[in-house]
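Written below as structure tokens is the structure these notes are about.
Side-chain atoms are counted along with the backbone in the values below, which use heavy atoms only and exclude waters and symmetry mates.
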Amino acid sequence: HVTLLIDSLTNYLLTGHKQLMENTYNFILKFIEKYPQHSSIFYGSYIKCLLSRHSLVFQMALEHFAHLMIFFQGKSHDLFA
């Protein structure tokens, strides 16, 4: 069930629909603030947004970079390796 949820959230982040993407980021941030030990389940979704060729998807990923990297610190070295 978790995989289905993550896949759906990833698809929402990749839509290019600004309001849907913003709501999805807000949901993810609220979730990982409450359950930081589970933040890594969203790492792959976020990387897909950073690698997106859709300018709005990429822009919004950059806007949320600072907030999410706090939770992804353990994996952030992968970004710069």
Side-chain angles (χ1 to χ4, degrees):
H1 292 54
V2 173
T3 303
L4 180 60
L5 175 64
I6 300 304
D7 289 346
S8 294
L9 292 173
T10 302
N11 289 335
Y12 297 158
L13 291 173
L14 296 172
T15 63
H17 184 273
K18 188 172 184 172
Q19 189 62 47
L20 179 57
M21 293 164 52
E22 193 61 48
N23 289 342
T24 304
Y25 274 114
N26 288 336
F27 173 83
I28 290 170
L29 285 168
K30 286 178 184 177
F31 180 88
I32 62 178
E33 286 171 359
K34 188 169 183 173
Y35 305 102
Q37 69 275 22
H38 298 297
S39 61
S40 64
I41 64 175
F42 297 107
Y43 183 76
S45 301
Y46 182 67
I47 295 302
K48 287 179 183 179
C49 294
L50 282 176
L51 296 174
S52 175
R53 293 179 185 251
H54 190 291
S55 61
L56 183 58
V57 173
F58 177 73
Q59 176 187 344
M60 289 191 75
L62 287 180
E63 290 174 8
H64 291 88
F65 185 83
H67 296 107
L68 291 170
M69 279 303 117
I70 292 168
F71 297 99
F72 296 152
Q73 286 180 18
K75 291 191 165 269
S76 62
H77 69 280
D78 295 344
L79 286 175
F80 305 107

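Across all their heavy atoms, S39 and I32 have their closest contact at CA-CG2, 3.5 Å. Taking all atoms of both residues into account, the shortest heavy-atom contact from G16 to L56 is O-CD2, 3.3 Å. Of all heavy-atom pairs spanning A61 and Y25, the tightest one is CA-OH, 3.3 Å.
Taking CE of M21 as the reference point, atom CD of E63 lies at 8.5 Å (rounded to 0.5 Å). Separation of atoms CG (L13) and OG1 (T24) is listed at 5.0 Å; rounding is to 0.5 Å. Rounding to the nearest 0.5 angstrom, the gap separating the CG atom in L9 from the CD1 atom in I41 is 8.5 Å. Put simply, CG on N23 and OH on Y12 are 11.0 Å apart, with the number rounded to the nearest 0.5 Å. With rounding to the nearest 0.5 Å, the separation of NE2 in H17 from CD in E22 is 12.0 Å. Interatomic distance, CD of Q59 versus OG of S52, reported as 11.5 Å (0.5 Å rounding).
At least one side-chain heavy atom of L29 sits under 4.5 Å from a side-chain heavy atom of L68. Residues L50 and I47 have side chains in contact (heavy-atom distance under 4.5 Å, counting atoms from C-beta outward).
Taking the six-membered ring wherever Trp is involved, the centroid distance between the rings of F31 and F42 falls below 6.0 Å.
Residue-environment remark: NE2 (H67) stays at or below the threshold of 12 foreign heavy atoms within 6.0 Å.
I28 and L51 fall within the same hydrophobic cluster, defined by Ile, Leu, Val, Met, Phe, Trp and Tyr side-chain heavy atoms under 4.5 Å apart, directly or through other members. Transitive grouping of hydrophobic side chains (ILVMFWY, heavy atoms separated by less than 4.5 Å) keeps L4 and L20 in distinct clusters.
F72 and Y43 have perpendicular rings, their planes meeting at more than 60° on a 0 to 90° scale where under 30° would count as parallel.
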